[in-house]
Amino acid sequence: MEWWSPSVSPAVGRPSFTGYPFTLGVASGAPLPTGVVLWTRLAPEPLNGGGMGRGAVSVRWEVADDDAFARIVRSGSVDAVAAWGHSVHVEVEGLAPARSYSYRFIAGDEVSPIGRTRTAPAAADTPARLRFGVASCQHFEHGYYGAHRHLAAEDLDLMVFVGDYIYEGAARTGDVRRHRGGEARTLTDYRNRHAQYKTDRDLQRLHATVPWLVTWDDHEVDNNYAGARSESLDPSFRRRRAAAYQAYFEHMPLRASARPTPARMVLRARHDWGRLARFHVLDGRQRRSPQACPPAGRGGGNMVDDRCRELRAPGRTMLGEHQERWLANGLRATPEGWNLIAQQTLVARAAVTVGRRRRFSSDAWDGYPAARDRLFAAIADSGLGSCVVLSGDAHCAFVADLKRDFDDERAAPIATELCGTSTTTRGRPQSRTDAIVRENPHILYGESARRGYLVLDVTSERCTARLRAIADAADRDTEVVTAATFAVDAGRPGAQRL
Ligand code: FE
Ligand code: CA
């Protein structure tokens, strides 16, 4: 307990549960060459606050070479406490690099499902290949996680999730599935919402198959919030945000460095895959300036054009000053290999002319032009030839060349953006996406009609992205196809369609 000390009763080693406690499955994340985070949460009544009462429970964890757990290589015990929703985060150390392991948890007489995870390669090694998936936007009501079922079969080293893990909204009728309860506002609400999402067997399986790197977007808290400002300008929003952040931490395989205080949560992180690739995971919500020119009397995003003077105010930030500097320093320190920037919203300009003016969303990087200029300067000044930005939020697959001046068609790209389509959340009509692609020549591809994910194969020479699309999010057994394949050559920013 870093920031407060509840009166914890001694952990019970032989507890009795009102039901099976591992209803939310298991997960792993944040892999290092010799360690990984293991996660679970005890929740015999997952949709009703967890059902664990006030006491602490001792949970045993085991990491093994084999699924039969005949060769256990690391094990230990940790207390699951009520103050953290009886969640369990174990930072395992002393593992071997570039190896697969099995893991499980034991509480009382109950044993969790078995998870599999993988450590990162040794820092000095250059692995032949890194294969990872990118997913975002898994609105529970809009469909089943058929995309995740296919992702679990893609032979991945790693999963990267770039936001909208839950949606906070109230239950609505007429969709494929239904949220439980009203709009999430309290810690209990957010716990129940995360738990409802986590009860999905395909999401559980994907967590149990590979380690994840995670960042959030807006819906983990509230639609289009920015920093401490909510869409409805709710004066008590900081308290709501703290509850949402705590529930997020409780349900994700994150290190203790991400454990929130009531004031903040440090989600930004760097993860190396040997010398082949470095992930810079960004938080573009917690510290951002409010969106410029919001609808009258409200906060949140809007469609704006260049009549919005506030847009170009130089002090406006997407990442916050500290994180901007952290990113710039990190990019400068990684001259070789691939720099993979995992973040939430679309970076490329995606403006469409209405009347005689270019209009765009104020919630994505288009709404933070000065901050985007600084991001591009940081990439360009660090001399990186192999930089790929990963994004979500758009509910649309986009492939874009990132340029310091989007109006200069002959300008050389400085990086490539790969934005994955949503897992389930519905997108805009394809006709509107076609208009965006037509008017923004740096956007090479746009498809919003289908749901799916990205699979990236990274080698020293090339980064290849397959844009995978499922046929129907309303069908649990839906098929998957490759909608398009793009490649970026090392040292040569810009995507080519294969
Ligand atoms: Fe979304
Ligand atoms: Ca979003």
Just verifying a value: how many Å separate [X] [atom1] and [Y] [atom2], rounded to the nearest 0.5 Å?
X: Trp338; Y: Arg278; atom1: CH2; atom2: CZ; answer: 16.0 Å
X: His280; Y: Leu331; atom1: NE2; atom2: CG; answer: 4.5 Å
X: Asp366; Y: Leu311; atom1: CG; atom2: CG; answer: 9.0 Å
X: Leu203; Y: Tyr144; atom1: CG; atom2: OH; answer: 15.0 Å
X: Gln286; Y: Leu282; atom1: CD; atom2: CG; answer: 13.0 Å
X: Tyr145; Y: Ile470; atom1: OH; atom2: CD1; answer: 11.5 Å

At their closest point, which heavy atom of [X] faces which heavy atom of [Y], and how far apart are they?
X: Pro260; Y: Gln246; value: CG-CA, 3.8 Å
X: Phe398; Y: Gly446; value: CD2-CA, 3.8 Å
X: Val162; Y: Asp217; value: O-CB, 4.4 Å
X: Ala171; Y: Glu141; value: CA-OE2, 3.4 Å
X: Thr424; Y: Arg451; value: O-CD, 3.2 Å
X: Glu220; Y: Ala244; value: O-CB, 3.5 Å

- [ ] May I ask you to say whether Asp222 pairs ionically with Arg185, meaning some side-chain N is under 4.0 Å from a carboxylate O?
- [x] no
* Side-chain ion pair, Glu183 and Arg240, N-O less than 4.0 Å -> yes
Under 3.5 Å, is there a donor-acceptor pair between the side chain of [X] and the main chain of [Y]?
X: Asn440; Y: Ile443; value: no
X: Arg241; Y: Gly227; value: yes
X: Arg193; Y: Gly169; value: yes
X: Gln196; Y: Thr199; value: no
X: Asp175; Y: Gly143; value: no
X: Glu417; Y: Ala348; value: yes
X: Arg131; Y: Glu154; value: yes
X: Arg288; Y: Asp363; value: yes
X: Ser289; Y: Thr317; value: yes
X: Glu324; Y: Gly320; value: no

[Y] side chain reached by [X] side chain, heavy atoms, under 4.5 Å:
X: Tyr101; Y: Leu95; result: yes
X: His219; Y: Asn223; result: yes
X: Ser28; Y: Trp39; result: no
X: Val352; Y: Phe360; result: no
X: Val90; Y: Phe105; result: yes
X: Leu158; Y: Leu213; result: yes
X: Val59; Y: Glu110; result: no
X: Met318; Y: Thr345; result: yes

Donor + acceptor pair across side chains of [X], [Y] (<3.5 Å):
X: Thr482; Y: Arg468; value: yes
X: Glu45; Y: Thr18; value: yes
X: Asp393; Y: Gln344; value: no
X: Arg104; Y: Ser112; value: no
X: Thr215; Y: Gln343; value: no
X: Arg41; Y: His86; value: no

TODO: List the steps and the verdict of side chain to side chain contact (heavy atoms under 4.5 Å, CB included) for Asp164 and Ser136.
DONE: CA-CA 6 Å; Asp164 290 358; Ser136 62; 5.8 Å; no
(request) Given side-chain hydrogen bond (donor to acceptor under 3.5 Å, both in side chains), test Arg118 with Ser100 step by step and report yes or no. (result) CA-CA 4 Å; Arg118 195 169 173 76; Ser100 293; 2.9 Å; yes
From the list Ser236, Ser230, Ser232, side-chain hydrogen bond (donor to acceptor under 3.5 Å, both in side chains) with Asp234 holds only for Ser236
query: Are Arg270 and Trp326 in a cation-pi setup, meaning NZ or CZ lies under 6.0 angstrom from the ring centre and within 45 degrees of the ring axis?
result: yes
Please report whether the ring centroid of [Y] lies less than 6.0 Å from that of [X].
X: Phe249; Y: His89; result: yes
X: Phe161; Y: Trp212; result: yes
X: Phe237; Y: Tyr225; result: yes

Assess the residue pair Leu402 and Thr416 against the criterion (side chain to side chain contact (heavy atoms under 4.5 Å, CB included)); give the C-alpha distance rounded to whole Å, side-chain angles, the decisive distance to 0.1 Å, and a yes or no.
CA-CA 6 Å; Leu402 298 179; Thr416 310; over 6 Å; no
Item to complete: Tell me, with the steps shown, if Ser448 and His395 meet side chain to side chain contact (heavy atoms under 4.5 Å, CB included).
Response: CA-CA 6 Å; Ser448 53; His395 309 163; over 6 Å; no
From the list His139, His251, His148, His179, ring-ring contact (aromatic ring centres under 6.0 Å, His included) with Tyr197 holds only for His179
The ring-ring contact (aromatic ring centres under 6.0 Å, His included) partner of Tyr248 among Tyr165, Trp216, Trp84, Tyr190 is Trp216
Open item on the list: Does Tyr445 form a ring-ring contact (aromatic ring centres under 6.0 Å, His included) with Phe486? I'd like the steps, not just the answer.
Closed with: CA-CA 10 Å; Tyr445 181 90; Phe486 282 84; 5.7 Å; yes
Begin from the C-alpha positions of Leu418 and Leu456 and carry the test side chain to side chain contact (heavy atoms under 4.5 Å, CB included) through to its verdict.
CA-CA 10 Å; Leu418 302 170; Leu456 274 76; 3.7 Å; yes
* Asked: For Arg312 and Asp373, what are the C-alpha separation, side-chain angles and deciding distance, and is it a salt bridge (charged side-chain N to carboxylate O under 4.0 Å, His left out)?
  -> CA-CA 11 Å; Arg312 294 219 66 97; Asp373 288 348; 3.2 Å; yes
- Query: Under 2.5 Å between the SG atoms of Cys308 and Cys293?
  - Reply: yes
Exercise. State whether the number of non-hydrogen atoms from other residues, nucleotides or ligands found under 6.0 Å of Arg238 atom CZ is greater than 12.
Key: no
